2 protein chains.
Amino acid sequence: MAIREFGLKGLEGASTRSIAAAAGTAMSAITYHFGGKEGLYLAAADHIAAQLGEDMGPALDQSATLAGGDTASARAAIHAILGRFADKLMQADSESKSLFIIREQMHPTEAFDRIYGGMMGQMLETLVQLVCIASGDADEARARLLTVTFIGQIVVLRASRASSLRLMRRDAVDAALVDDLKARVAANVDAILDSLIATRQEPR
Amino acid sequence: MAIREFGLKGLEGASTRSIAAAAGTAMSAITYHFGGKEGLYLAAADHIAAQLGEDMGPALDQSATLAGGDTASARAAIHAILGRFADKLMQADSESKSLFIIREQMHPTEAFDRIYGGMMGQMLETLVQLVCIASGDADEARARLLTVTFIGQIVVLRASRASSLRLMRRDAVDAALVDDLKARVAANVDAILDSLIATRQEPR
DNA sequence: GTCTATACTACGATAGAC
DNA sequence: GTCTATCGTAGTATAGAC
């Protein structure tokens with residue numbers, strides 16, 4: 001698929017010839033259907049955004065109804081979203097898509113707008129609101145920074161995969177490793193939220 | 001510089017012509033001095049590794065002497081290393097280098113070996129040992145996973161920069177933002193280590 | 001040692017056959 | 001609609017002048 005080629009080599013590095021060859025069709029079909037290389041690139045971004053929406057949408061909807069406003073259910077919702085996100089991110093077939101997105105993160109183009117404008121931004125904003133509730137404080141700026149550090153603990157296994165694997169003395173990201181990471185992140189998040197609640201109540 | 005071109009466009013995307021033009025010399029000089037494009041790429045990797053060594057080396061040495069074995073000094077050393085790492089990573093002129101490394105993380109080549117084999121691996125291994133001490137437990141596998149999540153909280157601002165900035169409603173990574181991140185990560189690390197020590201002593 | 005000129009390959013886009 | 005043929009451009013590498 002085109003996503004694989006684009007994810008692997010980027011917009012400039014990928015060649016329409018090899019994409020067409022992989023798809024078993026002629027190169028000129030790309031020009032006809034998508035209006036050129038860039039059109040295909042944006043179409044790939046839309047496809048990624050749509051699929052991410054399908055996969056994360058249910059978890060977000062569930063969180064919206066689940067989090068009634070109390071800290072406990074908000075925390076549970078955070079764990080649910082982060083867990084689902086980790087599963088999705090480490091899933092074998094999402095490798096190409098992850099690479100595609102990471103490339104766009106470095107130098108955003110219109111393709112990034114299409115991805116972030118969809119379910120990705122929605123997931124992050126939902127997390128911010130949940131963190132606000134779970135930390136028992138309405139300091140939104142802090143909640144946004146916290147959310148970034150939460151996401152970072154998961155994303156690192158994709159973005160800095162080679163270093164992470166070497167450091168953990170593993171040679172691939174398998175199901176057991178993902179479970180370990182999810183458990184670790186959940187424990188970390190709990191510890192961080194607990195400390196925030198504790199320091200908030202102490203100074204009174 | 002060549003690193004900028006390689007970091008921006010990758011090995012395949014970069015062109016020796018534009019690199020040579022930016023360096024104010026003829027393209028064939030690259031072939032002569034480095035034996036071709038790939039040779040230049042590896043030379044760039046070596047340069048990055050060397051500079052990273054210069055910048056992180058002192059902090060690591062200091063940590064080695066500072067951490068006498070007690071949890072408090074180990075924790076201080078962790079904070080020092082992570083802080084220095086964040087400074088280095090977000091430094092404006094290191095943007096190209098960061099992109100270079102992140103690219104290699106996705107699909108490691110020999111260039112990654114040269115970078116990781118230098119100061120990068122040394123920094124991570126040092127952190128693992130410090131985390132072992134600071135958490136008051138010799139469970140090395142857990143310390144390695146913890147280290148990954150610590151690094152992730154910092155790296156995310158580079159690897160997922162576009163998303164992070166949008167989420168935090170900022171439009172650039174300035175000094176104030178880096179300070180905020182450093183403080184947040186330090187607080188997070190403290191909370192995580194505290195909870196590990198607490199749960200370790202409770203069950204007795 | 002460094003530059004100029006050139007050979008060779010691969011790219012994206014387009015025109016035209018079917 | 002889809003494929004084949006071809007054009008113009010840009011890439012790396014090399015040979016040879018200086």
Side-chain angles (χ1 to χ4, degrees), chain A residues 1-50 95-97 99-115, chain B residues 1-50 95-97 99-115:
Chain A
M1 184 54 104
I3 294 177
R4 178 172 169 76
E5 183 86 3
F6 281 130
L8 241 56
K9 304 188 175 180
L11 171 58
E12 299 184 345
S15 86
T16 54
R17 277 192 159 85
S18 54
I19 293 174
T25 178
M27 177 197 52
S28 53
I30 292 174
T31 309
Y32 182 81
H33 284 289
F34 303 98
K37 190 189 196 177
E38 203 158 340
L40 178 61
Y41 188 77
L42 290 177
D46 286 337
H47 183 77
I48 290 175
E95 170 150 355
S96 314
K97 295 169 213 155
L99 296 184
F100 190 107
I101 296 175
I102 291 178
R103 273 179 195 278
E104 281 294 321
Q105 296 268 13
M106 299 198 240
H107 286 108
T109 67
E110 190 191 332
F112 183 73
D113 289 330
R114 300 198 182 190
I115 294 173
Chain B
M1 183 56 101
I3 294 176
R4 178 173 169 75
E5 183 85 3
F6 281 130
L8 240 56
K9 303 188 175 181
L11 171 59
E12 299 185 345
S15 87
T16 54
R17 273 191 164 89
S18 54
I19 292 174
T25 178
M27 177 198 55
S28 53
I30 292 173
T31 309
Y32 181 81
H33 283 289
F34 303 98
K37 190 188 196 179
E38 204 157 340
L40 178 61
Y41 188 76
L42 291 177
D46 286 336
H47 182 76
I48 289 176
E95 169 151 354
S96 315
K97 295 169 212 152
L99 295 184
F100 189 106
I101 296 176
I102 290 178
R103 272 178 195 279
E104 279 295 321
Q105 296 268 12
M106 299 199 243
H107 285 109
T109 67
E110 192 192 332
F112 183 72
D113 290 330
R114 301 197 181 190
I115 294 174

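Here is how names work: the chains are called A, B, and so on, in the same order as the sequence lines, proteins then strands, and each is numbered from 1. Everything numeric here is computed off the predicted structure, so don't read it as measured data.
- Take A:Thr31 and apply the side-chain contact (heavy atoms from CB on, under 4.5 Å) test, not counting sequence neighbours, and it matches no residue.
- In this structure, A:Met106 and B:Ile102 approach most closely via the heavy-atom pair CE-CG2, 3.8 Å.
- B:His107 pairs by the side-chain hydrogen bond (donor to acceptor under 3.5 Å, both in side chains) definition with nothing, not counting sequence neighbours.
- Residues from residues 15-30 of chain B lying near DNA chain D, meaning a heavy-atom separation below 4.0 Å, are B:Ser15, B:Thr16, B:Arg17, B:Met27, B:Ser28 in numerical order.
- Residue pairs meeting the ring pair (Phe, Tyr, Trp, His ring centres under 6.0 Å) criterion with at least one member in residues 4-33 of chain B, sequence neighbours excluded: B:Phe6-B:Tyr41.
- Closest heavy-atom contact between B:Thr16 and B:Ile30: O-CD1, 3.7 Å.
- Sorted by first then second residue, the ring pair (Phe, Tyr, Trp, His ring centres under 6.0 Å) pairs that include residues 8-30 of chain A, not counting sequence neighbours, number zero.
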Please report, to 0.1 Å, the donor-acceptor pairs under 3.5 Å made by any side chain of residues 18-29 of chain A, with sequence neighbours excluded.
| residue | atom | partner | partner atom | Å |
| --- | --- | --- | --- | --- |
| A:Ser18 | OG | A:Glu5 | OE2 | 2.7 |
| A:Ser18 | OG | A:Ser15 | O | 3.0 |
| A:Ser18 | OG | A:Ser15 | OG | 2.8 |

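- Within residues 35-45 of chain B, the residues approaching DNA chain D are B:Gly36, B:Lys37, by heavy-atom distance under 4.0 Å.
- For the salt bridge (Lys or Arg N to Asp or Glu O under 4.0 Å) condition, no pair includes a residue of residues 15-43 of chain A, sequence neighbours left out.
- Applying a 4.0 Å cut-off to non-hydrogen atoms, none of the residues of residues 2-10 of chain B approaches DNA chain C.
- Atom CZ of A:Phe34 is separated from atom P of C:dA13 by 13 Å (rounded to the nearest Å).
- Remark: A:Arg114 engages A:Asp46, A:Glu110 in a salt bridge (charged side-chain N to carboxylate O under 4.0 Å, His left out) (not counting sequence neighbours).
- Scanning both residues, A:Ala44 and A:Ile3, for their nearest heavy atoms gives CB-CG1, 3.8 Å.
- One interatomic measurement links the two molecules: OH of B:Tyr32 to P of D:dG16, which rounds to 17 Å at whole-angstrom precision.
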